[in-house]
Amino acid sequence: MEQLSYEIEINAEPEKVWSVLWGGITYRQWTTAFTEGSFYEGVLEENNIIKFLDPKHNGMYSRVEKMIPNQEIKFLHLGEIYEGIEVAKEWGDATESYILEENDEGTLLKTVIKTPAEFKTFFEEKFPKALNIIKHLSENQL
C-alpha cells in the first residue's frame, strides 16, 4: 500500500472549499481531472456507502469513515462498479481523506490517499490537476 499526500493553499474559507469539493455541480467540475462526467451518489454521512461513478456507471464504492463538515472527510474504498454492478475488492485500508485547515491565507487543503501501488502513477498525475481546479473554483465562484 502506498501513502500519497497532496496539498494546496486556497484563498477562501473552509466552508467555501468544502462546498466546491462536495457540491453537485462543482464536484463534477473538479473531478474532470480524473474522468470526464464523474459524479457521486449517496449522502455524505459517517458509515454511509457512496458510489463514485462515470457516465457509464463504472467506478467504485466506498464507506464514509469520518465526517466533520468543513474540516475532514475520509473514505474507505470497498470495491469497483462495472456497469452498475458492485464487485468487492481486497484493498485492505485503501482510504482517501480530505482535510481542510483554516489559516491566515484562507484554507490549506490536504489530501491523503492510501492506495495499492498499481494506482500510484494515476494519482500522481491526476491529483495535482484536481487540486488546481478546486483552488480555481473556490477562489473565483460567488
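None of these values were measured; they are calculated from a predicted model.
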Is there a side-chain contact between [X] and [Y] (heavy atoms, below 4.5 Å)?
X    : Y    : answer
Y61  : E80  : no
E13  : W18  : no
I8   : I134 : no
L108 : E7   : yes
N58  : E83  : yes
E65  : E96  : no
F127 : F122 : no
L76  : S62  : no

same_hphob_cluster([X], [Y]) at 4.5 Å side-chain heavy-atom cutoff:
X    : Y    : answer
M67  : I50  : yes
V64  : I81  : no
Y27  : L109 : yes
L131 : W30  : yes
I10  : I99  : no

message = Between T26 and L21, is the side chain to side chain contact (heavy atoms under 4.5 Å, CB included) condition met? List the steps.
response = CA-CA 7 Å; T26 50; L21 281 168; over 6 Å; no
query = In this structure, are over 12 heavy atoms from other groups packed under 6.0 Å from K126 atom NZ?
reply =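 More than 12 within 6.0 Å, yes.
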Approximate separation, where rounding is to 0.5 Å, of [X] [atom1] and [Y] [atom2]:
X    : Y    : atom1 : atom2 : answer
T115 : Q3   : OG1   : CD    : 11.0 Å
I25  : L137 : CD1   : CG    : 11.0 Å
E15  : L100 : CD    : CG    : 9.0 Å
K16  : T107 : NZ    : OG1   : 11.5 Å
N70  : E102 : CG    : CD    : 10.0 Å

request  = Give the C-alpha distance, both sets of side-chain angles, the deciding distance and a yes or no for side chain to side chain contact (heavy atoms under 4.5 Å, CB included) between K110 and Y98.
outcome  = CA-CA 6 Å; K110 297 181 185 179; Y98 296 80; over 6 Å; no
inquiry  = Can a donor-acceptor pair be found, under 3.5 Å and without considering hydrogens, that links the side chain of E139 to the backbone of N11?
reply    =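 Yes; at least one donor-acceptor contact below 3.5 Å.
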key: Any donor-acceptor N/O pair, N48 side chain to L44 backbone, under 3.5 Å   =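 Checking the backbone N and O of L44 against the side chain of N48, no donor-acceptor pair under 3.5 Å is found.
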All N/O donor-acceptor pairs, side-chain side in residues 35-42, below 3.5 Å, sequence neighbours left out:
residue	atom	partner	partner atom	Å
S38	OG	T35	O	2.7
Y40	OH	W22	O	2.7

query = What about Y6 and F123, are their ring centers closer than 6.0 Å?
reply =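 When the ring centroids of Y6 and F123 are compared, they turn out to be at least 6.0 Å apart.
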request  = Report yes or no: do E9 and N103 form a side-chain donor-acceptor pair below 3.5 Å?
outcome  =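 A donor-acceptor contact under 3.5 Å links the two side chains.
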ask   = If you measure from the Lys or Arg side-chain nitrogens to the Asp or Glu carboxylate oxygens, is any gap between E72 and K74 under 4.0 Å?
value =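 Salt bridge absent between E72 and K74.
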request  = Kindly give the cluster partners of M1, where membership spreads through any ILVMFWY side chain lying under 4.5 Å from a current member.
outcome  =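 M1 clusters with nothing; isolated.
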Residue pairs, two or more places apart or on separate chains, that pass side chain to side chain donor-acceptor pair (under 3.5 Å) and touch residues 86-95 =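 Sorted pair list: K51-E86.
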